[in-house]
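Source: prediction; values computed, not measured. Letters go in sequence order (proteins before strands), and every chain restarts at 1. Computation of the quantities below employed the complete heavy-atom set of this structure, encompassing side-chain atoms and omitting hydrogens, waters and symmetry-equivalent molecules.
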2 protein chains.
Amino acid sequence: MTASAAIETVALEDRGLAVTWADGARFTFHPVWLRERAPSEETLDARTGQRKLEAAFLPRDLAVTEARREDEGAVAVGFSDGAAVRFDGRALRAALAPREQVDLVGVKQLWDGALGGFPCYDLAELKQGAPLLGLLDDLARLGCVLIEGVPPEKNGILEFMGLIGNIKLTNWGGVEDVKVDADAFDLTLTNRGLEPHVDNPYRFSTIGYVVLHCLANSFEGGESTIVDGFAVAERLRREDPEAFEALATTPVYFRYQDETTMLENLRSLIGLDSAGRVERVAWSNRTEFVDARPAAELERYYAARARFAELLYADAMTVTFKLQPGQAFILDNYRVLHGRRPFELAGGGNRHMRQGYFDRDMVSSRQKVLRRQYGG
Amino acid sequence: MTASAAIETVALEDRGLAVTWADGARFTFHPVWLRERAPSEETLDARTGQRKLEAAFLPRDLAVTEARREDEGAVAVGFSDGAAVRFDGRALRAALAPREQVDLVGVKQLWDGALGGFPCYDLAELKQGAPLLGLLDDLARLGCVLIEGVPPEKNGILEFMGLIGNIKLTNWGGVEDVKVDADAFDLTLTNRGLEPHVDNPYRFSTIGYVVLHCLANSFEGGESTIVDGFAVAERLRREDPEAFEALATTPVYFRYQDETTMLENLRSLIGLDSAGRVERVAWSNRTEFVDARPAAELERYYAARARFAELLYADAMTVTFKLQPGQAFILDNYRVLHGRRPFELAGGGNRHMRQGYFDRDMVSSRQKVLRRQYGG
């Protein structure tokens, strides 16, 4: 126990428990908040940690009636309903800290083209938990990681994906082709270049992570372009706060349709959380159509969008590399945009990618379980 | 063309196109908004409707330079970049209407226990598109629909689910058991009653629709309880606006963990859209723990939560029925809570349910494609 986490005094206050720590911190815990955490079989299931007691059924006038500091690390508490509980001082203190991320854990390192490239892991090594945790931590930090040694065959990516968890099935199925298709219902399946974009912002709710696997890439061109959407959004916020505001508040319509599918979503290009932090970037020129809004509003929106596009498409913000057969990457689709240079169909070459998706919970769950095992 | 949708005049205004309709409505369309919709091969892909031109690359001073009313249903427009486009008056007028739901389409009918039961469809009939559209429209309206004639065998529900689309795979896989399990990591897998709840609010992002299929239900008890969370939330808003506000603004922590999985999410019990409409209800007493917040805030939260619980658990708000082998239901997990009465393990009975999940886009896509085919 560090000095600052040592309990100094406990007292009854406002029907709750007031605790003072050695560093001067002080907090009064609500009686129901304490009571619904009682480690007894009637209150919490010992194995799952799930709550069996319904907090709403506790007496409305529940109170802490007794509190005794056992030592600097624990306090014994009695309640008006008869419950007697020993609380760990460290756990009480930890409860005061702002909550950790519920999504993938770790500090994000924003980057631009100077980053040059991304960390690369070999599939054979990822069968060990520690390298897999390294990959997921790098994914949390940078939003993109490369994998090599992935068999360049039809469903060769499934072994890698299985190390993380179950794939997301969409209207297209599981792992799907990205190659030239004369019957294309999406511009992805042509040889044209694709501006950086996120995948499927037209889904309610959208794709969490994109995995792209290279089976063949022997045409001239076809390099991958990767952009940190959060870095671009933060740069826009610094350089042109009004444009940032316009993109964070204007709802935009995204749509995909083919013969068997109709997907639509309405969202802002920049999504903020309740604290005003950038939480999501949505950019997909192909599938985006802003609604008819008053001309002055649209004038502001289009100017902001043009400034955003200029930054998103800038070479200085872009990391470019050519994916080789047997390589793959995994991308955070809430943060990172990907695109490709056009490629030439001439000659005897071939370009064949396969792609699969994960939900966000699948990836963050794996990281957190590995952290429990390997620390971090 | 109805009279109100008839174009009366067109004019150049603010670099855009001003249109007046016969009923007096008037709107000035921004030049870029019009230009990026030009039905030409350079601008839009004819087949997919996807945009090939990047709006950000259009001249910043783009203007409508010419506008001519062709007849009451069309206007011919010339742009400063040389594009010449004919716009349909009905489409322009439709663009002014508030956007349709991007999620499942239809007016919600809020209900309480007096509803008595839910529409029921036979699986054999659902292989026709029109009854399947009926089911999806009822799901949009009520949030719960029954299906019968579903083979009471292990993956017997997959045929029904396949009529809608691909199942959602979670950490538990696809279709999973809900039956008593001595090794249970979730209280669902016991014989205790379950208060009404939504499934997996601890996921980032959460389950869209729940399908529960009955293979056996011969124990005493085990009735299903279904509650319209939107009806309860709206009732709370009417009767106790302060409580409603507390539940819409207090972030609450949800968690599920077992040996291989760690899922967590932070969200309010009542989720509102940007217009203040109820968009989601999250209620799962087992897995919810509010963070340590100042006692006065928690006092307000617990009082509101107790009032919400009272309504959610009230018989008057609940539809109760016992699912029979070969029956299933599908639930909107953003809106409808489900639970079950406890059941007795005594005697030679058995209770065996199987459940699967859908993402929201899968269900709404199916409805919209069927509407395209069958109207509605």
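Ranked by heavy-atom pairs under 4.5 Å with chain A, the first of B:Asp359, B:Asp186, B:Asp258, B:Leu263 is B:Asp186. Chain B forms the most heavy-atom pairs under 4.5 Å with one residue out of A:Tyr256, A:Tyr313, A:Phe29, and that residue is A:Tyr313. With chain B as the partner, the residue from A:Val369, A:Leu58, A:Leu92 showing the most heavy-atom pairs under 4.5 Å is A:Val369. Each of A:Leu53, A:Val32, A:Thr287, A:Leu96 has some count of heavy-atom pairs under 4.5 Å with chain B, and the biggest count is that of A:Val32. Top candidate by heavy-atom pairs under 4.5 Å with chain B, chosen from A:Leu370, A:Thr48, A:Asp45, is A:Thr48. Ranked by non-hydrogen atom pairs under 4.5 Å with chain A, the options B:Arg15, B:Met362, B:Arg372, B:Gln367 are led by B:Arg372. Counting heavy-atom pairs closer than 4.5 Å to chain A, the top-ranked of the candidates B:Thr260, B:Leu169, B:Leu34 is B:Leu169. The residue among B:Glu310, B:Gln101, B:Arg293 with the most heavy atom pairs within less than 4.5 Å of chain A is B:Arg293. Of the listed residues (B:Arg60, B:Glu299, B:Glu195, B:Arg307), the one with the most heavy-atom contacts under 4.5 Å to chain A is B:Glu299. Of the listed residues (B:Thr28, B:Asp103, B:Asn171, B:Asp14), the one with the most heavy-atom contacts under 4.5 Å to chain A is B:Asp103.
Distance alone, capped at 3.5 Å, is enough to place a donor-acceptor pair between the B:Arg51 side chain and the A:Glu288 backbone. Side-chain N or O atoms of A:Ser365 include none that pairs as donor or acceptor with a backbone N or O of B:Thr261 at under 3.5 Å. Distance alone, capped at 3.5 Å, places no donor-acceptor pair between the A:Asp361 side chain and the B:Phe204 backbone. Using a distance-only test at 3.5 Å, with no hydrogens or angles considered, no donor-acceptor pair links the side chain of A:Ser205 to the main chain of B:Ser205.
In this structure, the portion of A:Tyr334 lying under 4.5 Å from any heavy atom of chain B is its side chain and not its backbone. Contacts between A:Ile167 and chain B at a heavy-atom distance below 4.5 Å involve backbone atoms as well as side-chain atoms. Both the backbone and the side chain of A:Ala303 come within contact range of chain B, each with at least one heavy atom under 4.5 Å from a heavy atom of that chain. Looking at B:Arg360, the atoms closer than 4.5 Å to chain A (heavy atoms on both sides) sit in the backbone and in the side chain alike. B:Asn265 touches chain A through backbone and side chain together, each having a heavy atom under 4.5 Å away. For chain A, no part of B:Glu297 is nearby; none of its heavy atoms comes within less than 4.5 Å. Contacts between A:Arg366 and chain B at a heavy-atom distance below 4.5 Å are absent for every atom of the residue. Both the backbone and the side chain of A:Asp291 come within contact range of chain B, each with at least one heavy atom under 4.5 Å from a heavy atom of that chain. Heavy-atom distances place both the backbone and the side chain of A:Arg47 under 4.5 Å from chain B. Heavy atoms of A:Arg37 lying under 4.5 Å from chain B belong exclusively to its side chain. At a 4.5 Å heavy-atom cutoff, B:Phe308 makes no contact with chain A through either its backbone or its side chain. In this structure, chain B has no heavy atom under 4.5 Å from any part of A:Phe254. With a 4.5 Å cut-off on non-hydrogen atoms, A:Gln373 does not touch chain B at all. Within the 4.5 angstrom heavy-atom criterion, no atom of A:Thr206 approaches chain B. At a 4.5 Å heavy-atom cutoff, the contact between A:Glu259 and chain B is made by backbone and side-chain atoms alike. When heavy atoms are compared at a cutoff of 4.5 Å, A:Tyr301 does not approach chain B at all. In this structure, chain A has heavy atoms under 4.5 Å from both the backbone and the side chain of B:Lys52.
Listed here is the closest heavy atom pair of B:His30 and A:Leu298: CB-CD1, 3.8 Å. A:Ala56 and B:Ala309 get closest at one heavy-atom pair: CB-CB, 3.5 Å. Closest approach of B:Gly49 and A:Arg255 over heavy atoms only: O-NH2, 4.0 Å. Contact between A:Arg99 and B:Leu266 at its shortest, heavy atoms only, is CD-CD1, 3.9 Å. When all heavy atoms of A:Ala292 and B:Trp33 are compared, the pair lying nearest together is N-NE1, 3.2 Å.
By the 4.5 Å heavy-atom criterion applied to side chains, A:Asn285 and B:Phe57 are not counted as neighbours. At least one side-chain heavy atom of B:Val102 sits less than 4.5 Å from a side-chain heavy atom of A:Tyr253. With a 4.5 Å cut-off on side-chain heavy atoms, A:Leu44 and B:Phe289 count as touching. The side-chain heavy atoms of A:Glu264 and B:Lys368, taken from C-beta on, include a pair separated by under 4.5 Å.
A distance of 7.5 Å separates OG in B:Ser284 from CD in A:Gln50, rounded to the nearest 0.5 Å. Atoms OG1 and CG, on A:Thr170 and B:Asn166 in that order, are 7.0 Å from each other to the nearest 0.5 Å.
With salt bridges taken as basic N to acidic carboxylate O contacts below 4.0 Å, none links B:Arg286 and A:Glu54.
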